[in-house]
Amino acid sequence: MLIFPIQFPRRPRSRGSGKLPAPPPPALVTVVSATLIDFHQVRFVFSEPVSCDGSGNEQIIITNELGPETSVESVQESPTAILFWFESGFIVVGDAWDLIAVPSGLDFHGRTCAVPQSGLIG
């Protein structure tokens, strides 16, 4: 009678150094759109969730017929949309917007805000 030894499945040998791979870099947050709501308000939609503290932002500039203007107030509309209120009341479709630095009143939840960014209000 032949007796064969019982063979148990072998664990494959690791070919790596045993270190875990580096975590991916944080998502880069960009402005997806800037839409005119009325002559005072512009909705900015971001590519990732963003929170606001209600303050205005000197880093977001709208250039209209009166020159450059910054927001005086912000309101959270959705996880990715912030409504900014501008005092002059002369904002129209086609005005330029610029994001010149990371806005101080916004929380990007550990993500990185791409700066500078610019576009036209739709």
Side-chain angles (χ1 to χ4, degrees):
M1 171 177 199
L2 293 171
I3 299 177
F4 295 98
I6 298 174
Q7 292 188 2
F8 295 99
R10 292 186 186 172
R11 286 180 62 180
R13 290 186 179 193
S14 173
R15 295 180 188 207
S17 64
K19 294 180 182 177
L20 295 175
L28 194 61
V29 181
T30 59
V31 175
V32 174
S33 65
T35 306
L36 183 68
I37 303 304
D38 64 31
F39 296 116
H40 287 280
Q41 299 178 77
V42 179
R43 176 186 299 120
F44 278 79
V45 177
F46 295 88
S47 61
E48 299 286 334
V50 175
S51 299
C52 71
D53 65 4
S55 67
N57 282 285
E58 294 181 0
Q59 297 84 10
I60 297 176
I61 300 171
I62 303 287
T63 304
N64 58 23
E65 63 184 35
L66 300 176
E69 183 178 1
T70 59
S71 68
V72 294
E73 188 178 320
S74 60
V75 176
Q76 187 84 42
E77 282 197 324
S78 75
T80 58
I82 308 288
L83 186 66
F84 290 100
W85 194 80
F86 295 84
E87 202 165 29
S88 77
F90 289 102
I91 299 172
V92 296
V93 171
D95 283 348
W97 63 265
D98 293 288
L99 178 63
I100 59 170
V102 177
S104 58
L106 300 182
D107 181 2
F108 295 95
H109 309 288
R111 297 173 184 91
T112 303
C113 179
V115 289
Q117 298 182 59
S118 61
L120 299 177
I121 296 174

Q: Might you point out which heavy atoms bring V50 and Q76 nearest each other, and give the distance in Å?
A: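 Nearest heavy atoms, V50 then Q76: O-NE2, 2.9 Å.
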Q. What are the two closest non-hydrogen atoms of N57 and G105, and how far apart are they?
A.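 Result for this residue pair: OD1-N, 3.2 Å.
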Under 3.5 Å, which donor-acceptor pairs do the side chains of residues 111-122 form with other protein atoms, sequence neighbours left out?
| unit_1 | atom_1 | unit_2 | atom_2 | d |
| --- | --- | --- | --- | --- |
| R111 | NE | E48 | OE1 | 3.3 |
| Q117 | OE1 | V31 | N | 2.7 |
| Q117 | NE2 | A114 | O | 2.6 |

Once side chain to side chain donor-acceptor pair (under 3.5 Å) is applied, do any residues pair with [X], and if so which ones, sequence neighbours excluded?
X   : value
T35 : none
S55 : D53
Q41 : D38
S47 : T30

Quick one: hydrophobic cluster around [X], which other residues, with the 4.5 Å side-chain cut-off, linked directly or via members?
X   : result
V72 : W85
V32 : V45
I37 : V75, L83

Q | Pairs touching residues 55-84 that satisfy ring-ring contact (aromatic ring centres under 6.0 Å, His included), sequence neighbours left out | A |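 Residue pairs passing ring-ring contact (aromatic ring centres under 6.0 Å, His included), neighbours aside: F44-F84.
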For residues 89-104, which side-chain donor-acceptor pairs fall under 3.5 Å, sequence neighbours excluded?
| unit_1 | atom_1 | unit_2 | atom_2 | d |
| --- | --- | --- | --- | --- |
| D95 | OD2 | V92 | N | 3.0 |

**Q.** Side-chain donor or acceptor of E69 paired with backbone N/O of E87 under 3.5 Å
**A.**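 Such a contact is found between E69 side chain and E87 backbone.
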Q.
Rounded at 0.5 Å granularity, tell me how far OG in S88 sits from NE2 in H40.
A.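 Here the rounded value is 7.0 Å.
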(Q) Nearest 0.5 angstrom please: I61 CD1 to Q59 CD, how far? (A)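 I61 CD1 to Q59 CD: 8.5 Å, rounded to 0.5 Å.
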Q) Which residues pass the salt bridge (charged side-chain N to carboxylate O under 4.0 Å, His left out) test with E77, sequence neighbours left out? A)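 Salt bridge (charged side-chain N to carboxylate O under 4.0 Å, His left out) check on E77 returns R43.
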